[in-house]
Amino acid sequence: MKTAKARYRFDGGVHPQYHKDLTEDCPVRDIPLPALLAVSMSQHLGAPAKCVVKPGDRVERGRLIGEKAGFISANVHAPASGTVKAVEKRPGPAGALADAVIIETDAEATAKAGPAFPPLDWAKAPREELLARVEAAGICGMGGAGFPTAVKLAPPPGKRCEYLILNGAECEPYLTADSRVMTENADRVRRGAEIMRRILGGPAVRVAVEENKPGAIAALEKAFAGIDGDVEITILPCLYPQGSEKHQIRAVTGRIVPEGALPIETGCVVENVGTSAAVADAVERGEALVSRVTTVTGDGIANPCNVRAPCGTPYSALAEFAGGAKDVAKVVSGGPMMGFNVPDLGIATTKTTSGLLFLARKSVFAYTSQPCIGCGRCVRACPMGLSPSEISRSVEADDIAAAEALWVMDCIECGCCSFSCPAARDITQFCRRAKNSIRAARAAAAAKAKAK
Amino acid sequence: MKPQGPSETYVLSSSPHARADSSVRDIMLDVIVAAVPAVACGIAFIWRADPAAGLHSLLVVATCVLACAAAESLCRLAMRREQTLGDLSCVVTGLLLAATLPPGLPLWMCAAGSVFAIAVAKQAFGGLGYNPFNPAAAGRAFMLVSFTGAMTTWSRSGWIASVAHGGAGNLAAGLAAEPGVLETCATPLAAMRAALHSGEAGALVCDWRFLGDLFAGDINGSIGEISTLALLLGGAYLLWRRVITWHVPAAFLGTMAAIAFAALPCSGGLCETAGARAAFAAAHVLAGGAVIAAFFMATDMVTGPVTAKGKLVFGCGCGAVTMAIRLWGAYPEGASFAILVMNAFAPLIDRFTRPVPFGRREALRAAKRRAAEEKRKAKSAPADAKGAV
């Protein structure tokens with residue numbers, strides 16, 4: 001095991017103000033069990049899970065309530081014991097409606113509930129069994145996108161994983177959830193890494209952490225000491241979006257994932273550090289993924305903190321636990337760069353809710369977009385090497401075809417362009433608009449071709 | 001479900017929810033801060049030679065800035081669009097235009113040029129961001145063709161005298177006059193041009209004191225072009241503030257120097273040494289509007305290319321056209337024309353220097369590999385088929 005600075009860097013990126021000092025030293029605290037949980041069937045990327053309970057059912061903590069429906073999908077388990085009150089459509093953080101199981105919780109029964117699965121001996125259990133456990137426990141990427149982990153851990157035939165990269169970059173400003181997981185549960189992160197390494201057939205392990213987390217780095221160094229094989233803690237420079245999968249692969253291994261391909265194409269599998277800890281818990285303790293660490297922060301909340309909350313906790317409960325909102329103007333689910341702005345606090349957390357950001361009135365600015373002055377800052381900032389200025393001008397002129405020719409579909413919506421724009425143009429939103437139009441047009445064309 | 005909390009007061013917007021602390025106004029303010037020393041230096045040097053002329057040059061600057069602001073405001077009013085004085089871009093145009101004008105230019109001409117720069121070159125196209133040509137360069141070009149006499153008449157300050165001390169032969173003697181007396185005469189560029197045609201260029205530029213004067217600014221010239229030192233300080237400020245990148249100025253001035261170095265005609269036996277060629281190149285870079293054009297006008301974001309590669313191409317083009325005009329054209333100075341010419345090419349340069357998206361090159365390579373593999377398979381498949389038969 002060694003610690004080394006990253007030898008490569010990706011082009012572009014920006015340096016937002018980090019504001020991590022608000023919560024980086026706040027230990028993770030358990031939130032009191034909310035009376036009502038709204039557990040979404042769509043907490044992961046891909047097909048929503050199929051709900052397998054009905055109103056009136058009694059559920060125990062860890063019991064399956066949503067069954068994975070499709071190849072890219074994940075199981076959903078009850079985060080607490082209680083009674084199913086309803087199964088209804090609820091808006092998720094991004095605004096899309098999805099089935100949610102409303103559970104009236106029973107704190108006593110929850111405390112008594114045993115593990116969801118029998119614990120496994122990670123070093124002896126067959127690889128297939130470990131992989132099946134990761135799949136059964138409903139684990140998905142906890143960094144934000146929520147890609148089902150079991151799919152990543154089973155490379156297609158002919159592809160070999162050479163690098164398992166644990167993503168602890170946490171490049172989004174304000175968020176410290178991953179940082180706290182690494183600091184407090186570094187041994188769980190290590191165990192998860194060992195399990196995933198076994199499943200993947202022994203690739204080299206890289207734990208990628210941005211240099212602004214010395215506490216996490218020290219804890220990881222201690223936890224990973226004495227581990228066998230090719231393991232390295234890779235210190236990344238602070239640069240947003242360092243946590244983006246493709247950019248992290250570039251920074252850590254120097255490899256570039258071809259556009260349109262999956263990371264495994266370059267022999268890499270990237271998993272969030274929180275996911276790694278969840279894998280360890282699922283295997284060793286038989287726990288399903290039903291809770292996660294979330295950073296509740298911002299200048300619009302009384303006591304910024306890191307909490308472990310069951311998935312399905314309403315945002316209002318998080319706000320209350322953090323001392324209540326004060327003069328808040330904007331609530332963002334996730335970080336400020338890519339997070340979703342939510343209209344109210346009735347939305348519930350999911351497996352991917354890494355943070356809840358309350359911005360006070362004074363830090364929410366009104367702005368008027370001006371014409372593009374061609375300064376090129378967005379072009380320099382774009383980590384995907386696009387020409388956001390040209391794309392934004394095309395979309396402004398409703399020339400979606402031109403935007404498509406400018407590779408707008410490659411855009412990862414990281415927000416670097418809008419962030420860096422001195423004319424306050426909503427370039428990222430222009431890109432989104434173009435992407436949605438193109439997707440709709442492609443879907444329509446496909447439907448037409450099918451009808452013929 | 002009923003929303004909880006005071007939902008009607010929450011702001012809804014798309015990500016990102018953080019913005020860099022920078023605005024168009026900040027950028028323009030930085031350009032103004034960077035340009036002020038050069039203009040102030042120019043006025044001071046002219047003042048030293050003749051206070052009345054110094055005052056007039058101050059009025060030239062004030063007229064340009066005010067006329068630009070007035071034109072901008074009236075244009076927006078006429079177009080029924082929001083006022084844009086706040087972005088300060090019209091002040092930048094006025095300041096830069098004034099910097100490229102002779103100190104003694106009649107004020108009405110200054111006003112006319114300013115109005116052309118703003119009304120025709122900028123607002124007619126829709127205002128800041130939409131103008132294809134640099135307004136200040138366009139304004140100067142308009143004035144040069146409209147008021148050719150006044151635009152090429154310069155008042156003399158101390159510089160010729162110092163050259164005369166150098167004893168650089170007939171040339172300097174012919175141009176020399178009492179120091180501190182302002183009368184119309186040639187600028188260094190015009191003198192160099194005349195000297196070049198008479199085969200005396202080496203004599204002039206081989207006097208390093210001449211180069212020193214060009215650098216420090218004790219020369220004859222347009223208000224803002226007088227002190228190269230002050231201009232470089234301004235350029236350094238812009239680089240430090242990251243308003244501009246090094247690409248355009250370096251390519252612009254580098255190309256000029258290279259062409260001047262190669263193009264000095266060998267006559268009179270003075271220019272055969274590399275030293276003389278270097279001096280000639282240095283004189284071309286330092287004299288006239290090259291430095292202000294390279295740092296302040298060719299770096300205009302709106303009318304130049306976006307990428308680093310594009311900026312290098314743009315800068316090289318500016319330098320080449322400038323030298324072509326200076327050496328073989330009808331005017332002694334060609335920097336503003338060069339910028340206008342290259343402005344026209346900027347969209348084309350942008351198109352050809354567009355970056356390749358992250359992972360696209362690799363995707364292309366992978367696709368090629370797959371195609372080659374399929375070809376190989378297709379080749380071997382018929383052979384198998386034959387074998388089967």
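Numbers restart at 1 for each chain; the letters A, B, ... are given by sequence-line order, proteins then strands.
- Most heavy-atom pairs under 4.5 Å with chain B, from the set A:A423, A:C372, A:G376, A:G339: that is A:G339.
- Side-chain contact between A:M384 and B:P357 is absent, with no heavy-atom pair separated by less than 4.5 Å.
- Considering OG of A:S244 and CZ of B:F358, their distance stands at 7.5 Å, rounded to 0.5 Å.
- Side chains of A:R380 and B:T307: a donor-acceptor N/O pair is absent below 3.5 angstrom, by distance only.
- Not a single donor-acceptor pair under 3.5 Å links the side chain of B:H17 to the backbone N or O of A:V332.
- By the 4.5 Å heavy-atom criterion applied to side chains, A:I373 and B:I27 are counted as neighbours.
- Here A:E390 pairs with B:R354 in a salt bridge; the nearest charged N to carboxylate O distance falls below 4.0 Å.
- Proximity to chain B (any heavy atom under 4.5 Å) is shown, for A:C375, by both the backbone and the side chain.
- Chain B forms more heavy-atom pairs under 4.5 Å with one residue of A:H15, A:H247, A:K246, A:E265 than with any other, namely A:H247.
- Contacts of A:D410 with chain B are made by side-chain atoms alone, with heavy-atom separations under 4.5 Å and no backbone atom involved.
- The backbone N or O of A:E259 sits nowhere less than 3.5 Å from a side-chain atom of B:R360 that would complete a donor-acceptor pair.
- Highest contact tally toward chain A, considering only B:R365, B:M301, B:R242, is held by B:M301 [criterion: heavy-atom pairs under 4.5 Å].
- Ranked by heavy-atom pairs shorter than 4.5 Å toward chain A, the options B:S22, B:G129, B:A366 are led by B:S22.
- Here CZ of B:R19 is found 7.0 Å from SG of A:C421. Values are rounded to the nearest 0.5 Å.
- Between the side chains of A:R433 and B:S14, no donor-acceptor pair of N or O atoms lies under 3.5 Å.
- At a threshold of 4.5 Å between non-hydrogen side-chain atoms, the residues A:F340 and B:S15 do not count as touching.
- The two residues A:V342 and B:Y10 come nearest to each other via the heavy atoms O-CD1, 4.1 Å.
- For the pair B:P355/A:V379, a side-chain contact is recorded, criterion being any heavy-atom separation below 4.5 Å from C-beta on.
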